[in-house]
2 protein chains.
Amino acid sequence: MPRRRITQTDVAAMAGVSQATVSFVLNGSTPAGVRISEETRQRVLDAIRITGYTANPAAQRLAGGLAQILGVFTYEATFPRPSRDFYGPFLTGIEHAAERLGVDLLLFTSAPVEDGRRRLTREGWQRLGVADGCLLLGQHEHRGELQHLLDTNYPFVFIGKRGSDGGRLPYVGADYVSGTVRQIDRLVALGHRRIGYVGLRGTDQPTLDRVEGYRDAMKAHGLTTRFVELEDTAATAAEIVEQRFTAVVVAPENHPEELADELAARGVRVPDDVSVLLLGQPHHLRRGGRAWSGFSVPREEMGARALYLLSRLAADDGPRRERDARRPTAVTEAELHQVLACPDVEGATLAPPGRTAR
Amino acid sequence: MPRRRITQTDVAAMAGVSQATVSFVLNGSTPAGVRISEETRQRVLDAIRITGYTANPAAQRLAGGLAQILGVFTYEATFPRPSRDFYGPFLTGIEHAAERLGVDLLLFTSAPVEDGRRRLTREGWQRLGVADGCLLLGQHEHRGELQHLLDTNYPFVFIGKRGSDGGRLPYVGADYVSGTVRQIDRLVALGHRRIGYVGLRGTDQPTLDRVEGYRDAMKAHGLTTRFVELEDTAATAAEIVEQRFTAVVVAPENHPEELADELAARGVRVPDDVSVLLLGQPHHLRRGGRAWSGFSVPREEMGARALYLLSRLAADDGPRRERDARRPTAVTEAELHQVLACPDVEGATLAPPGRTAR
DNA sequence: TCAATCGGATGATGCGCATTATTAGCAGTC
DNA sequence: GACTGCTAATAATGCGCATCATCCGATTGA
């Protein structure tokens with residue numbers, strides 16, 4: 001039982017070669033014109049197998065190589081309750097991908113937290129360096145922070161579409177636009193005409209995309225768009241009644257459960273009187289919550305795809321390899337900006353227009 | 001905007017001192033008889049502030065220092081599914097602690113998975129080295145794997161009590177014994193006499209402790225212990241009826257919801273006819289699940305306390321510091337084996353003995 | 001006056017690895 | 001026989017940091 005780390009030098013000694021040779025064998029390719037005979041290669045591989053050698057990630061990283069560590073930076077706390085429900089699925093996907101890739105995950109929990117949001121500071125940025133690359137998730141505000149990443153050519157991938165910054169930001173997002181369009185289509189197909197959009201306006205990408213989808217679809221069907229954007233759930237419910245909507249599409253962060261309660265309090269049943277389609281999974285789970293119809297964001301898949309992409313970027317962009325540009329594995333433009341489809345959810349809140357309204 | 005990492009050498013240059021001096025200032029203590037004047041110290045600190053220097057964790061680690069990275073090794077997938085969100089609460093606590101400690105978390109997702117369980121192999125063990133220490137959570141089976149950790153003096157802490165291995169394993173656990181005793185006490189105080197224990201016998205520590213608590217408490221009250229350990233929920237329910245229990249304590253992994261369903265199917269109401277106390281939080285959450293009485297395991301606190309302990313162990317045990325044994329911060333024996341209290345939960349499944357039985 | 005002491009700091013070294021520069025051996029060429 | 005060209009490998013270097021051994025000037029003690 002070795003009490004000390006097993007190093008390449010140990011392996012080299014056993015195989016009767018130099019440490020450099022071991023490194024070459026391990027890294028396969030030989031940047032310079034270095035060649036290793038098949039026989040030597042086998043001797044080294046055997047020695048590795050026997051000794052159970054595994055590279056020291058710290059050393060690999062320090063020497064400018066890849067450590068098989070990928071970072072995860074969340075702009076909000078990762079695990080605490082509400083966010084656990086939100087980030088959870090992403091992380092599940094990320095973990096799966098990490099397992100497949102044989103990679104460890106580094107959570108940057110050391111970044112300073114201000115007002116519940118984590119900041120990617122100049123100092124924090126330096127700590128990213130231990131990882132080969134980094135996943136970013138959550139709403140970021142200080143875009144200046146990203147400049148470092150761009151400047152230094154550090155590999156990173158956003159989870160969630162990023163329309164800003166002239167398409168320079170790699171991301172894996174969800175297709176909120178098509179998803180929303182499809183919901184309107186479903187409603188119209190059932191006979192709905194007065195379809196409202198419930199949700200606060202924001203400048204975040206999901207909101208922009210939902211609104212775009214709603215606008216486009218309503219226009220395509222020749223219907224009038226009507227927005228309900230009140231802070232207060234009760235007021236929102238009242239407005240829904242007032243406007244005589246037969247259906248509404250709701251952004252999921254708007255406490256749909258409470259909205260349903262308020263509607264019920266006004267004698268309005270879902271979906272008998274008003275259909276409610278959710279544009280994404282509910283953010284706040286509740287005991288005995290109902291089965292919402294609408295679409296769901298493929299969070300697990302997004303997480304996994306993002307990590308795969310990051311892994312590729314890291315392999316390409318690897319520290320000292322910026323020179324030999326195009327190679328068989330080069331990441332394509334299309335890969336850099338992926339938008340995944342949001343499947344429809346068949347819940348229990350969709351029905352033809354009720355007798356009450358209309 | 002620096003495109004390159006800022007190193008201690010940069011800081012040293014700005015402060016007009018040597019790199020070594022910067023290192024000394026940063027590490028506070030001066031192992032050898034090295035002294036730094038207050039004036040120089042300030043110059044260095046200023047330079048650090050101005051440059052925004054942060055240590056390169058990889059280099060720190062390689063040089064035998066602490067990288068402010070703590071590892072988390074879970075013997076099962078870390079982020080499975082919301083429905084079986086077991087690790088979630090632990091991670092919440094861990095993350096909180098990590099934030100406070102200013103430490104990053106490394107998840108060892110690269111470890112090979114066999115039959116859904118992660119293995120801590122000889123190779124995997126070497127990868128732990130990037131972190132200053134490691135948290136271990138979940139049921140481990142291959143105890144041989146731990147030998148490496150023990151041998152190499154690598155700092156680690158188990159989450160969950162570990163009775164085995166002669167108390168050499170540091171852990172932060174929960175007091176299942178007292179928790180269970182208190183549940184029996186509550187039941188007896190209400191007048192219950194026929195109190196059954198429902199749950200499969202296992203050799204895992206929680207089970208052993210629950211059984212011990214049940215045994216001790218029942219004995220103390222002069223009551224007869226009765227165990228129901230059937231795989232099948234329906235059969236278990238039948239047995240409960242058969243035995244004319246007025247109350248049962250149930251290990252939470254035994255699908256209490258389904259058990260309640262089965263009881264209801266037999267005309268037995270909870271808690272009117274049978275009180276049911278859960279010995280820990282339910283493992284499988286369910287929509288509209290009921291509010292169980294019993295006790296809860298302080299998972300978040302366990303996670304946090306474990307990380308704090310690990311942090312201290314790492315600081316003490318730090319790579320090259322094994323010599324100067326006792327120091328003001330030395331970890332005490334008591335800290336190495338913590339057992340946290342499990343608070344009672346006032347749910348809706350506890351009531352005096354019903355009229356049906358007895 | 002010279003050695004011993006001490007405060008204050010520097011130089012050198014190595015951690016384990018990736019990579020570049022260099023060497024050794026050998027077959028073929030003019 | 002000196003030269004080229006090629007294969008197969010090694011030596012040497014540096015990544016950024018912690019640490020040990022050393023050094024220098026100024027006191028101090030005898």
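Predicted, not measured: the structure shown is a model, and the values here were computed from it. Below, read A as the first sequence line, B as the second, and so on, with proteins coming before strands; counting in each chain starts at 1.
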* Asked: Given the rule in the side-chain contact (heavy atoms from CB on, under 4.5 Å) test, do A:Val44 and A:Ile48 qualify, once you have shown the distances and angles that lead to the verdict?
  -> CA-CA 6 Å; A:Val44 171; A:Ile48 288 174; 4.0 Å; yes
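A side-chain N or O of A:Gln8 and one of A:Tyr53 form a donor-acceptor pair less than 3.5 Å apart. Side-chain contact, A:Arg127 with B:Thr54: no donor N or O sits under 3.5 Å from an acceptor N or O. Looking only at atom types and distance, the side chain of A:Glu76 has a donor-acceptor partner in the side chain of A:Tyr87 under 3.5 Å away.
Other residues, nucleotides and ligands contribute more than 12 heavy atoms inside 6.0 Å of the CD atom of B:Glu38.
For the pair A:Gln8 and C:dA18, the criterion of a side-chain N or O lying under 4.0 Å from OP1 or OP2 is met. OP1 or OP2 of D:dA9 lies within a sub-4.0 Å distance of a side-chain N or O belonging to A:Thr40. Taking side-chain N and O atoms only, B:Gln60 has a distance below 4.0 Å to OP1 or OP2 of D:dA18. Within the 4.0 Å cut-off from OP1 or OP2 of D:dA18, at least one side-chain nitrogen or oxygen of B:Asn27 is found. When the side-chain nitrogen and oxygen atoms of B:Thr21 are compared with OP1 and OP2 of C:dT10, one or more of them lie within a distance under 4.0 Å. Distances shown here put every side-chain N or O of B:Thr7 at or beyond 4.0 Å from the OP1 or OP2 atom of D:dG16.
Residue A:Ala58 is out of contact with every strand shown, counting any heavy-atom pair closer than 4.0 Å. Using a 4.0 Å heavy-atom cutoff across all strands shown, A:Val22 reaches no nucleic acid atom at all.
Place A:Ser37 and A:Gln19 on DNA chain D by their nearest nucleotides, and A:Ser37 ends up nearer the 5' end. Residues B:Ala20 and B:Ala59 both approach DNA chain C. Their nearest nucleotides, taken by heavy-atom distance, put B:Ala20 toward the 5′ side. Each of A:Gly16 and B:Ser23 was assigned the nucleotide of DNA chain D with the nearest heavy atom; the assignment lying further toward the 5' end belongs to A:Gly16.
Atom CZ of B:Arg5 and atom P of D:dC15 are 13 Å apart (whole Å). Atom CG of B:Leu26 and atom P of D:dT19 are 12 Å apart (whole Å). Atom CZ in A:Arg35 sits about 16 Å away from atom C1' in C:dA24, given to the nearest Å. Nucleotide D:dA9 holds its C1' atom 15 Å from the CZ atom of A:Arg41, rounded to whole Å. The interatomic distance linking A:Arg61 (CZ) with D:dC17 (P) rounds to 14 Å, in whole Å. Across the protein-nucleic acid pair, B:Leu62 atom CG and C:dT13 atom P stand 18 Å apart, rounded to whole Å. The CG atom of A:Asp132 sits 14 Å away from the C1' atom of C:dA18 (whole-angstrom rounding). We find that CZ of A:Phe24 is positioned 12 Å from C1' of D:dA12, with the value rounded to whole Å.
Of the candidates D:dC17, D:dA9, C:dA18, D:dA9 carries the atom nearest the A:Ile36 side chain, counting heavy atoms from C-beta on.
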